[in-house]
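Just below is one structure, and these are the notes that go with it.
Both counts, for ligands and for their atoms, begin at 1 and track the order of listing.
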Amino acid sequence: MVTSPASQGPPDQDSARQVPVGRRLFLGMLGLGVAGVAFGATVQQKVGQALGSGLGRLLPGGDNFQIYSVSGSFPQIAPSAYRLEVSGLVERAKTFDLAALQAMPPVQLVRDFQCVTGWRVPEVHWEGVRLSDILDAVGPKPAAGALAFESYDGVDTESLTLEQAKLPDVIVAYRMLGAPITVDHGGPVRLYVAPMFGYKSLKWLSAIRVVKSATPGYWEQNGYPVNGWLDGSTGPSSPTGG
Ligand SMILES: Nc1nc2c(c(=O)[nH]1)N[C@H]1C(S)=C(S)[C@@H](COP(=O)(O)O)O[C@H]1N2
Ligand SMILES: [Mo]
């Protein structure tokens with residue numbers, strides 16, 4: 001599964017975990033020409049430990065994700081140090097810590113996770129809070145039309161229109177695969193945009209800026225389709241064919 005041609009049989013969890021993460025990452029980057037994918041030895045070691053920690057046994061089907069980091073690093077944020085800053089065109093800018101997010105009404109989703117490069121993980125469990133609940137807490141101003149997302153990695157960015165952000169299956173997630181989100185998967189908190197391809201689900205989410213209109217994110221600037229909808233449609237906001 002690490003080389004992930006669709007023709008391969010069921011992935012072997014143990015051999016998958018033994019493949020150095022730098023290699024997994026490199027494979028994921030082929031064709032994009034993205035720079036800065038080199039890993040420091042320490043990071044590789046830490047990630048190796050994370051991957052060897054038994055994640056694959058938490059769920060039937062296992063953790064068949066490929067691990068991505070365009071910055072070449074995995075930000076280590078202690079849960080107690082985590083902050084999500086929400087600002088911009090809002091009535092009440094707010095900073096949420098992990099406890100504040102966990103005190104909000106939780107939502108659970110079980111969906112297939114799909115990267116545009118072709119790999120897919122069936123029935124991944126997620127838990128977090130609706131982005132729409134966070135928006136309700138800050139009160140977008142009338143001029144607000146989109147959201148810009150920032151990562152603790154300082155490199156990856158994403159965007160959604162305000163309308164997309166209000167969909168009930170767009171969440172700020174703090175659990176994934178039946179456990180708190182691990183560092184390699186973008187923990188303590190990442191975005192999970194269920195109706196779109198994986199690149200929209202920004203890891204190590206640090207800030208949400210409410211803005212007037214959407215600016216293409218990192219992956220879109222590197223050639224990924226701005227249309228991130230999994231079903232290839234133009235989405236609920238504009239009927240297919242429009
Ligand atoms: N900060 C950050 N978020 C990211 C990425 C990344 O490189 N950096 N890669 C994206 C892509 S292309 C995919 S498919 C998923 C992969 O999630 P995973 O690394 O947990 O498997 O994360 C997305 N979010
Ligand atoms: Mo991806």
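Atoms of ligand 1 found under 4.0 Å from any heavy atom of Ser201, numbered from 1 in the order shown, are 22 (O), 23 (C), 24 (N). For ligand 1 and Trp119, the ligand atoms under 4.0 Å from any heavy atom of the residue are 14 (S), 21 (O). Heavy-atom contacts of Ile67 reach the following atoms of ligand 1: 19 (O) (cutoff under 4.0 Å). Per-residue contacts place Phe65 under 4.0 angstrom from the following atoms of ligand 1 (heavy atoms of the residue considered): 21 (O). Of all the atoms in ligand 1, the ones that sit under 4.0 Å from a non-hydrogen atom of Gln66 are 18 (P), 19 (O), 21 (O). Numbered from 1 in the order shown, with element, the atoms of ligand 1 that lie under 4.0 Å from a heavy atom of Cys115 read 14 (S).
Of all heavy-atom pairs between Thr95 and Glu85, the closest is OG1-CG, 4.0 Å. Closest of all the heavy-atom pairs between Asp112 and Pro122 is OD1-CA, 3.2 Å. Between Pro188 and Pro79 the shortest heavy-atom distance is CG-CA, 4.0 Å. Shown here for Ile77 and Gly187, the closest heavy-atom pair between the two residues is CD1-O, 4.3 Å. Closest heavy-atom contact between Gly198 and Phe113: CA-CZ, 3.5 Å.
Under 4.0 angstrom from ligand 1, the non-hydrogen atoms of Ser69 all belong to its backbone. Residue-level proximity to ligand 1 for Ser71 is absent, since no heavy atom of it falls below 4.0 angstrom. When non-hydrogen atoms are compared, ligand 1 lies under 4.0 Å from the side chain of Phe113 (C-beta onward) but not from its backbone. Of the heavy atoms in Val70, both backbone and side-chain atoms come closer than 4.0 Å to ligand 1.
Side-chain N or O atoms of Glu158 include none that pairs as donor or acceptor with a backbone N or O of Ser201 at under 3.5 Å.
Because its NZ or CZ atom is both nearer than 6.0 Å to the ring centre of Phe74 and within 45° of the ring axis, Lys203 counts as a cation-pi partner of that residue.
Between Trp204 and ligand 1, a contact under 3.5 Å exists for no N or O pair. Some N or O of Lys203 is nearer than 3.5 Å to an N or O of ligand 1, by distance alone. Below 3.5 Å of separation, one finds an N or O of Asp153 facing an N or O of ligand 1. Between Tyr199 and ligand 1, no pair of N/O atoms sits closer than 3.5 Å.
Grouping the Ile, Leu, Val, Met, Phe, Trp and Tyr side chains by contacts below 4.5 angstrom, directly or via other members, places Tyr224 with Leu230.
Using bins of under 30°, 30° to 60° and over 60° for the plane-to-plane angle, the ring pair Trp126/Tyr192 lands in the parallel bin. Below 30°, between 30° and 60°, or above 60°: for Tyr152 and Tyr82 the angle between ring planes is between 30° and 60°, a tilted geometry.
Put simply, no part of Tyr152 is less than 4.0 Å from ligand 1, judged by heavy atoms.
The heavy atom nearest to atom 17 (O) of ligand 1, considering only Arg120, Glu158, Arg190, is found in Arg190.
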